[in-house]
Amino acid sequence: QFHMIKYEDLRWSESLGQGSFTRIFKGSKIDIRDGERHVTDVLLKELDANHKNCWESFFEAASLMSQISHKHLLLVYGISVHRSKNVMVQEFIKCGALDLFLKREGSVSVSWKLDVAKQLASALNFLEEKNITHGNICAKNLLLAREGDASQGSSPFIKLSDPGINLAMLGRDVLLDRIPWVAPEVLEAPERLELECDKWSFGATLWELFNGGQAPLQGLDLERKLQFYETYKQLPSSEWTELADLISQCMNYQPAFRPSCRSIIRQLNSLITSDYVILHAAEPLPD
Ligand SMILES: N#Cc1ccc(Nc2nc(N)cc(-n3ccc(CO)n3)n2)cc1
């Protein structure tokens, strides 16, 4: 269920940072097709050698992404295994991860943010229809294929990245550190991921999107993060009440009470038409 890419057909160039258990590099892959040599820009995602035992889960996540195709899902070309290197070869997405972009860009318009939210909701709707749970929805895993002119509101284009190593493979501390993106019910049963988990994470990602890419509950230690769930807390709500409502609906501690993707999309559409958008055409630069 995977296209195996020969190691010698890959070239590594600059390092682009690291996620949890992985390192990412810009690179290229070489194909010979009908006698012609094609060089394609790729993103090379290497699994850390000290997490070799997670390689099946690492590739399982990627194979999920390559069994289905959708315009807002990242394209995975295949994998390459060579000696101790486990590499996932992905299409190279021009502008990288959304969280870093939001932190760098002071002013993106409200309509730009809502456009991104709608694209993520449509990707989730697609996965919901296929009864596939992603399990790691967050701004860090949203990739910006096209910036759009953020202040003029010309439209961005995002792709949802692979979910990475399965939650059930991760230690408890890693799970706790993913509060508030990881749904509360997942902490007790990380192997039983249900569709509703992604709705919860969607709410936390909406919060990031409308808070300049700032991580919610940043700086709280694991103990305090756990207390946040044990005392049924909600994230600080936006002064835009309709947005705050949608976020708290998604982040309902009862999974069954979370809205369907269709309802999320409907509510985003009504947010887009609200006069709040006009009043906040371009967010003021943070002081
Ligand atoms: N400066 C810069 C810069 C960095 C990355 C890209 N491109 C890209 N393409 C992908 N396919 C995936 C990713 N990711 C980034 C974080 C993760 C974690 O999931 N993925 N970045 C483009 C510019």
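What you see is a predicted model, and the numbers here were worked out from it, not measured in a lab. First listed ligand is number 1; within each ligand, the first listed atom is number 1.
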Just checking, is any N or O donor in the side chain of W207 or Q234 under 3.5 Å from an acceptor N or O on the other one?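 Distance-only check fails for W207 and Q234.
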
Whether the E196 and N252 side chains hold a donor-acceptor pair (N or O, under 3.5 Å, no angle test) is what I'd like checked.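 Side chains of E196 and N252: no pair found under 3.5 Å.
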
Should K26 be listed as contacting ligand 1, given a heavy-atom distance under 4.0 Å as the test?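 Checking ligand 1 against K26, which is what was asked, there is no heavy-atom contact under 4.0 Å.
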
Does ligand 1 have any atom that is closer than 4.0 Å to a heavy atom of K159?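 No.
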
Is it the side chain (CB and beyond), the backbone, both or neither of N141 that lies under 4.0 Å from ligand 1, heavy atoms counted?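 The side chain, only.
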
What part of I24, side chain, backbone, both or neither, has a heavy atom within less than 4.0 angstrom of ligand 1?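 It is the side chain that touches ligand 1; the backbone stays farther off.
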
Give me the one residue out of [options] that meets side-chain contact (heavy atoms from CB on, under 4.5 Å) with [X].
X    : options            : answer
F157 : K94, R146, E147    : R146
V87  : W12, F25, F59      : W12
V42  : K29, R11, Q90, M88 : K29
T205 : W200, W181, F210   : W181

When you compare ligand 1 with K94, is there at least one nitrogen or oxygen pair between them that comes in under 3.5 angstrom?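 No, since none of the N or O atoms of K94 sits under 3.5 Å from an N or O of ligand 1.
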
Tell me: protein heavy atom nearest [atom], and distance?
atom                    : result
atom 13 (C) of ligand 1 : L143 CD2, 3.6 Å
atom 9 (N) of ligand 1  : I93 N, 3.1 Å
atom 4 (C) of ligand 1  : L16 CD1, 3.9 Å

Looking at E128 and K130, is there a salt bridge between them, counting it only when a charged N and a carboxylate O are closer than 4.0 Å?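 Salt bridge between K130 and E128, a charged N being under 4.0 Å from a carboxylate O: no.
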
Closest to atom 12 (C) of ligand 1 among Q90, M88, K45 (heavy-atom distance):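 Looking at heavy atoms only, the winner is Q90.
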
Enumerated ligand 1 atoms positioned under 4.0 Å from heavy atoms of L74: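 In order of number, 11 (N).
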
Does the protein come close to atom 1 (N) of ligand 1 - that is, does one of its heavy atoms sit below 4.0 Å from that atom?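 No, no protein heavy atom sits under 4.0 Å from atom 1 (N) of ligand 1.
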
